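Just below is one structure, and these are the notes that go with it.
Sequence lines set the chain letters: A, B, ... in the order given, protein chains first and strands last, and positions in each chain run from 1. When reading the values below, keep in mind they use all heavy atoms of this one structure, side chains included, and skip hydrogens, waters and symmetry mates. Owing to the predicted nature of the structure, the values given are computational and were not obtained by experimental measurement.
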Protein chains: 2
Amino acid sequence: MRANRDDAGGQDQRHRCSCTSLRKASRRISQLYDVALAPCGLKTTQRAILGELRRSEPATLGQLAAALVMDAGALAHTLKPLERDGYLAIGIDPNDRRARLIRLTPIGQAKLIESDALWEQAQHRFDSLFGAAQSESLRAALTILISGEFAAGFEVSLS
Amino acid sequence: MRANRDDAGGQDQRHRCSCTSLRKASRRISQLYDVALAPCGLKTTQRAILGELRRSEPATLGQLAAALVMDAGALAHTLKPLERDGYLAIGIDPNDRRARLIRLTPIGQAKLIESDALWEQAQHRFDSLFGAAQSESLRAALTILISGEFAAGFEVSLS
DNA sequence: GACCTATATCTGCATATGCTGATAATCAGA
DNA sequence: TCTGATTATCAGCATATGCAGATATAGGTC
């Protein structure tokens, strides 16, 4: 009996994969925010890209990818629909012609502002439901995980 | 000055999107776990699917999708590579021919066991680096976000 | 048994994301 | 200045994920 419980405990450990938990939560919460943002036509990811640009415009693909914790190639793909829809413009950096300078267009700025109100509603709902302190604490924990230091430490322990 | 700080605070608020933080952390940690799992050829998502099957085999597409917090259509796509590689088998439920019964194959079971050791290393690294208590606390928080009750409460507050 | 409704999947389309090899441009030397 | 190493992107391929419309099957009703 005791042994069985220990075994069951061992099994349960495998349910508690931090990565899988993060992915599940990411899927669930993304769906909720996406529904909230739907009226403006942006997905959470797209809003995150435009929002990052608002803070650090103009940005190169590499800078943007690093800020969003994304692969540069993946980001290049993701930018295409946004460029196609006229929310951002991609030009060549005159100082380094390998690099691109990515900027919000006036249309993109307007769309982002339009999304702000919807985002605030969603975020407020999240904080109310989960608890303001819990939310703050969660975001702090996630910030650590997102940091390059964490990834560096993780990889070092591979040796 | 005070006004400027308030404005900056308003700007910063938009950096603190819970959904975007989750997505960034999910990307980052997935990359770390995927590297750790690479020797066995499974991605974190694939291991999560096989692991869920190990716990609740056989499962229908709908059951599996619910357990993984995924859209059923999306899961159907994601299963194809795993079926193609012989890790799982999809049959028709004789009791309800609309439904599918998904099971691990012996090859899938072996592959999953092979991945267990790699996963444990990654998980241990995560817990060591982030802190055992912090990790436990994070997973508990994520479990709440993943729950259907949270999603239901979020949507209700839409009214 | 025909019919209407609810349910489980499937299909096709679109975006999200990552990796690898190719290409272009920069830069530090020889 | 030519070359080799480095860097920023791109292009192509594969998986991940979601959604809407189509299809098949169950179940209940007249």
Inset, instruction - Select base, sugar-phosphate, or nothing to describe what A:A99 touches, counting heavy atoms under 4.0 Å on all strands. - result: sugar-phosphate
Inset, instruction - Give the rounded distance in Å between these two atoms: CG of A:L37 and P of C:dA16. - result: 12 Å
Inset, instruction - Check the distance between D:dA14's P and B:L82's CG and give it to me in whole angstrom. - result: 16 Å
Legend entry - Between P of C:dC19 and CG of B:L32, the distance in whole Å: 11 Å
Legend entry - Whole angstrom value for the distance that separates P of D:dT15 from CG of B:L42: 13 Å
Legend entry - B:T45 side chain near D:dT17 phosphate (N/O to OP1/OP2, under 4.0 Å): yes
Inset, instruction - Identify whether the distance between the nearest side-chain nitrogen and carboxylate oxygen of A:D127 and A:R139 falls below 4.0 Å. - result: yes
Inset, instruction - Only counting residues at least two apart or in another chain, list the ones meeting ring-ring contact (aromatic ring centres under 6.0 Å, His included) with B:F126. - result: A:F150, B:F130
Legend entry - Electrostatic pair A:E114:A:K111 at N-O distance under 4.0 angstrom: yes
Legend entry - A:I90 vs B:D85, nearer the 5' end of DNA chain D by closest nucleotide: A:I90
Legend entry - B:R54/B:D116 ion pair, N-O < 4.0 Å: yes
Inset, instruction - For B:L68 and D:dA16, give me the distance from atom CG to atom P, rounded to whole Å. - result: 12 Å
Inset, instruction - Could you tell me the separation between the NZ atom of A:K80 and the C1' atom of C:dA16, rounded to a whole number of Å? - result: 13 Å
Legend entry - Check: B:Q109/B:Y87 side-chain N/O donor and acceptor closer than 3.5 Å: no
Inset, instruction - Report, as a single string ordered 5' to 3', how protein heavy atoms within less than 4.0 Å touch nucleotides 18-29 of chain D: B base, S sugar-phosphate only, - not at all. - result: BB----BBS---
Legend entry - Whole-Å distance separating the CD1 atom of A:I92 from the P atom of C:dA24: 12 Å
Inset, instruction - Using a 4.0 Å heavy-atom cut-off across all strands, classify B:S30 as base, sugar-phosphate, or nothing. - result: nothing
Inset, instruction - Using atom CZ of A:R100 as one end and atom P of C:dT23 as the other, report the distance to the nearest whole Å. - result: 16 Å
Inset, instruction - Measure the spacing between CG of B:L22 and OG of A:S30 and express it to the nearest 0.5 Å. - result: 7.5 Å
Inset, instruction - Measure from the side chain of A:A76, starting at C-beta and using heavy atoms only, and say which of D:dA16, C:dA8, D:dC10 lies closest. - result: D:dC10
Inset, instruction - Would you give the length of the straight line joining atom NZ of B:K80 to atom CG of B:D85, rounded to the nearest 0.5 angstrom? - result: 14.0 Å
